[in-house]
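Keep in mind the model is a prediction, meaning the values are calculated, not measured. Side chains are part of it too, since the values below use all heavy atoms of this structure and drop only hydrogens, waters and symmetry mates.
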Amino acid sequence: MKKLRKKLLFILAICIVSSFTIISIMNRTYASKEEEIFITYTVQAGDTLWKIAKQTNPNEDPRELIYEIRKINNITPIIYPGQEILVPVKGDR
């Protein structure tokens, strides 16, 4: 009877730990998927991708944003006045 009780307690402990692990992973997954909103930005004379990234998302790392802008728009680092590009706008602006 004691062995059965120990086995049941062990199984219960594993279930509890597994549940907390799964919940923790799910929370991190959903929390990291913030909704992305895009704006259409018309490049002005003197603009750079760095300047646009800092201007539109001051709280984000401009290097990551520049990568995203280039990927979304399929462009090189060289941009031209009048060019329209999609720029992701993140969370807390």
Q. With sequence neighbours left out, what residues match Thr76 under side chain to side chain contact (heavy atoms under 4.5 Å, CB included)?
A. Ile78

Q) So which residues get pulled into Ile72's cluster when ILVMFWY side chains under 4.5 Å apart are joined, directly or through others? A) Phe38, Leu86

Q: Working to the nearest 0.5 Å, report the span between CG of Asn74 and CD1 of Ile85.
A: 13.0 Å

(Q) If I take atom OG1 from residue Thr48 and atom CD from residue Gln55, how far apart are they, to the nearest 0.5 angstrom? (A) 10.0 Å

Q: Tell me, please, which residues at least two apart from Arg70 pass salt bridge (Lys or Arg N to Asp or Glu O under 4.0 Å).
A: none

Q) Which residues satisfy the salt bridge (Lys or Arg N to Asp or Glu O under 4.0 Å) test with Lys51, sequence neighbours excluded? A) Asp47

**Q.** Residues which pass side-chain hydrogen bond (donor to acceptor under 3.5 Å, both in side chains) with Asp61, listed by chain and number, not counting sequence neighbours
**A.** Arg63

Q. To the nearest 0.5 Å, how far apart are CD in Gln83 and CD in Gln44?
A. 12.0 Å

Q) Does the side chain of Tyr80 come within less than 4.5 Å of Val43's, by heavy atoms? A) no

(Q) Considering only residues two or more places apart or on different chains, which pairs with a residue in residues 72-83 satisfy salt bridge (charged side-chain N to carboxylate O under 4.0 Å, His left out)? (A) none

(Q) To the closest 0.5 Å, what do you measure between OG1 (Thr42) and CD (Glu84)? (A) 4.0 Å

(Q) For a salt bridge (charged side-chain N to carboxylate O under 4.0 Å, His left out) check, start with the C-alpha distance between Glu64 and Lys90, then their side-chain angles and the critical distance, and finish with the verdict. (A) CA-CA 12 Å; Glu64 292 177 11; Lys90 307 271 179 153; over 6 Å; no

Q) Do you reckon Tyr67 sits in the same ILVMFWY cluster as Ile79, going by side-chain contacts under 4.5 Å, direct or chained? A) no

**Q.** Single hit among Ile52, Leu49, Asn57 for side-chain contact (heavy atoms from CB on, under 4.5 Å) with Leu65
**A.** Asn57

**Q.** Ala45 to Pro81 - nearest heavy-atom pair and separation
**A.** CA-CG, 3.8 Å

